[in-house]
Amino acid sequence: LTDSITCVCVRAPQLRGSGCLFTGDFSYVGIDAILEQMRRKAMKQGFELNIMVVGQSGLGKSTLMNTLFKSKVSRKSLVSTPEERIPQTIEIKSISHDIEEKGVRMKLTVIDTPGFGDQINNENCWQPIMKFINDQYEQYLQEEINIDRKKRIPDSRVHCCIYFIPPTGHCLRPLDVEFMRRLSKVVNIVPVIAKADTLTLEERDSFKQTIREELRANGIDVYPQKEFDEDADDRMINEKIREMIPFAVVGSDQEYQVNGKRLLGRKTKWGTIEVENIAHCEFAYLRDLLIRTHMQNIKDITSSIHYEVYRVRRLNETNGQPNGQPPNTLADPKPQQANGLAAQHQVLTHEM
Ligand SMILES: Nc1nc2c(ncn2[C@@H]2O[C@H](COP(=O)(O)OP(=O)(O)OP(=O)(O)O)[C@@H](O)[C@H]2O)c(=O)[nH]1
Ligand SMILES: [Mg+2]
């Protein structure tokens, strides 16, 4: 017995010295070592995150994605000068990048959408976006129900949709309400006030408050949704976030030297706006929510709530024949011709 225990310990060095049998704690079994096993498995597999950005043209969607991941993850300009500009987004495009930090690998996919609501008649312009989201659920479902299914199903489901509100300082437009009301039922929506550097602090605070009231009045449940808080701890943390939403953000992919430090910012005649400085804007809170504190939860809610609702509905509708075509009724009971966005989408690049 002693030999086999020694053997286990040689193979699992993380057990040694952690209060196990060998340090004399006779009651120690080693259940806590599962955490290390999970960590190693997760490190091997890597992580996937799919973020979609939606909002009127020119609100800084592509720029914010580049700011978030500190590289040109959203769109690459055709010209490669330092002064290069991000071209206008004209169709739904998914761009995947494999990024690695401290040995942790992540496949990040940014789904960039063209100006939302740019048409004269914007009725039903949310439809192509809804269709894209449902198409990803459908793809996942078809993989899942395959007899010969893959060990790991590729996950293209949209985990989070960042909705850009124009910095008008007034109130939400009917279009914003319509989009968030419909889409918050199928995807995690994180609303942000775009180009917040155009608002004074007072304007910003009162605009944020107005938006929160309007969301509440229209029964729009954005992420983190109250009903999905798991316990009191969750509730406490998420309540603070809900009081801050929507984050007033500023984006930039230009680096500047300020007080000897390199940082992302926007240089103006009266100073440099530092995008990651919480005294300047709330970009850092958005980054923390999406990446540092709630990434796993965002993915869990996508899979256990939004996808689950789609799956159950789909399997019921096809009456036990899930290989059939997805019924049109999934997006809207009476689908009509969508305006605005091109429904087609494509995966552009996959960089290693
Ligand atoms: N003042 C200010 N300008 C910004 C901000 N973010 C981006 N911009 C500028 O706004 C312009 C448009 O930015 P994009 O990121 O291309 O906007 P977009 O929403 O992707 O536009 P479309 O692709 O046309 O939908 C660029 O000149 C950016 O430099 C911001 O936070 N504040
Ligand atoms: Mg764009």
Side-chain angles (χ1 to χ4, degrees), residues 51-95 97 108-119 122 125-126 128-129 132 161-169 173 175-176 179 190-201 203-204 207-208 246-256 263-287 290 339-346 348-349:
I51 299 182
M52 177 185 247
V53 285
V54 178
Q56 200 179 302
S57 181
L59 280 184
K61 300 183 291 296
S62 305
T63 307
L64 194 85
M65 284 300 99
N66 292 339
T67 317
L68 204 52
F69 295 96
K70 298 200 173 165
S71 62
K72 300 257 186 283
V73 291
S74 180
R75 302 281 308 283
K76 290 209 176 219
S77 172
L78 297 174
V79 264
S80 56
T81 63
E83 294 300 306
E84 70 189 27
R85 295 195 154 264
I86 299 171
Q88 185 176 12
T89 315
I90 47 171
E91 59 191 345
I92 299 182
K93 277 178 184 157
S94 301
I95 304 182
H97 278 246
L108 169 76
T109 302
V110 173
I111 303 124
D112 204 348
T113 65
F116 173 74
D118 290 351
Q119 308 299 309
N122 290 306
C125 64
W126 47 269
I129 293 171
F132 181 93
C161 169
I162 306 180
Y163 186 74
F164 286 65
I165 300 166
T168 60
R173 301 163 304 168
L175 181 69
D176 302 324
F179 179 88
V190 175
V192 296
I193 299 175
K195 296 189 172 180
D197 49 323
T198 58
L199 297 169
T200 66
L201 286 182
E203 285 167 346
R204 195 169 99 177
F207 193 31
K208 275 165 68 107
F247 298 120
V249 298
V250 176
S252 170
D253 47 12
Q254 297 289 314
E255 273 190 14
Y256 294 99
L263 41 86
L264 289 170
R266 301 192 71 83
K267 202 170 181 175
T268 67
K269 275 203 165 176
W270 48 92
T272 302
I273 304 158
E274 301 165 24
V275 299
E276 289 180 279
N277 185 341
I278 51 169
H280 293 193
C281 77
E282 296 174 340
F283 168 80
Y285 295 119
L286 173 73
R287 179 207 54 208
L290 295 180
N339 289 318
L341 303 173
Q344 74 192 110
H345 54 266
Q346 53 183 219
L348 257 196
T349 61

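In listed order, ligands and their atoms are each counted from 1.
Of the N or O atoms in Thr198, none lie within a sub-3.5 Å distance of an N or O in ligand 1. Not one N or O of Pro114 is nearer than 3.5 Å to an N or O of ligand 1, by distance alone. On a distance-only criterion, Val249 and ligand 1 share no N/O pair closer than 3.5 Å. Between Ser57 and ligand 1, an N or O atom pair is found at a separation short of 3.5 Å. Residue-to-ligand polar distances keep Ala196 apart from ligand 1: every N/O pair is separated by 3.5 Å or more. Between Gly58 and ligand 1, a contact under 3.5 Å exists for at least one N or O pair.
For Thr63, heavy-atom contacts with ligand 1 shorter than 4.0 Å involve the backbone as well as the side chain.
With hydrogens and angles ignored, the 3.5 Å screen pairs a side-chain donor or acceptor of Asp176 with a backbone N or O of Arg173. Although no hydrogens or angles enter the test, the distance criterion places no donor-acceptor pair under 3.5 Å between the side chain of Lys93 and the main chain of Pro114. Between the side chain of Thr67 and the main chain of Ser252, a donor-acceptor pair closer than 3.5 Å is present.
In the vicinity of Ser62, heavy-atom distances shorter than 4.0 Å reach the ligand 1 atoms 15 (O), 20 (O). Per-residue contacts place Val250 under 4.0 angstrom from the following atoms of ligand 1 (heavy atoms of the residue considered): 31 (O).
Between Met65 and Ile95, every side-chain heavy-atom pair lies at or beyond the 4.5 Å cut-off.
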* **Leu286/Leu64 under side-chain contact (heavy atoms from CB on, under 4.5 Å): CA gap, chis, key distance, verdict** => CA-CA 11 Å; Leu286 173 73; Leu64 194 85; 3.7 Å; yes
* Candidate pair Leu175 and Cys125, rule side-chain contact (heavy atoms from CB on, under 4.5 Å), full reasoning -> CA-CA 9 Å; Leu175 181 69; Cys125 64; 3.6 Å; yes
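The NZ atom of Lys195 sits 7.0 Å away from atom CZ of Arg266, with the distance rounded to the nearest 0.5 Å.
Residue Val54 forms a side-chain contact (heavy atoms from CB on, under 4.5 Å) with just one option from Asp112, Leu59, Thr113, and that option is Thr113.
Of the candidates Gln254, Lys195, Arg266, it is Lys195 that places a heavy atom closest to atom 11 (C) of ligand 1.
Taking backbone and side chain together, Ser57 holds no N, O or S atom under 2.8 Å from the Mg ion (ligand 2).
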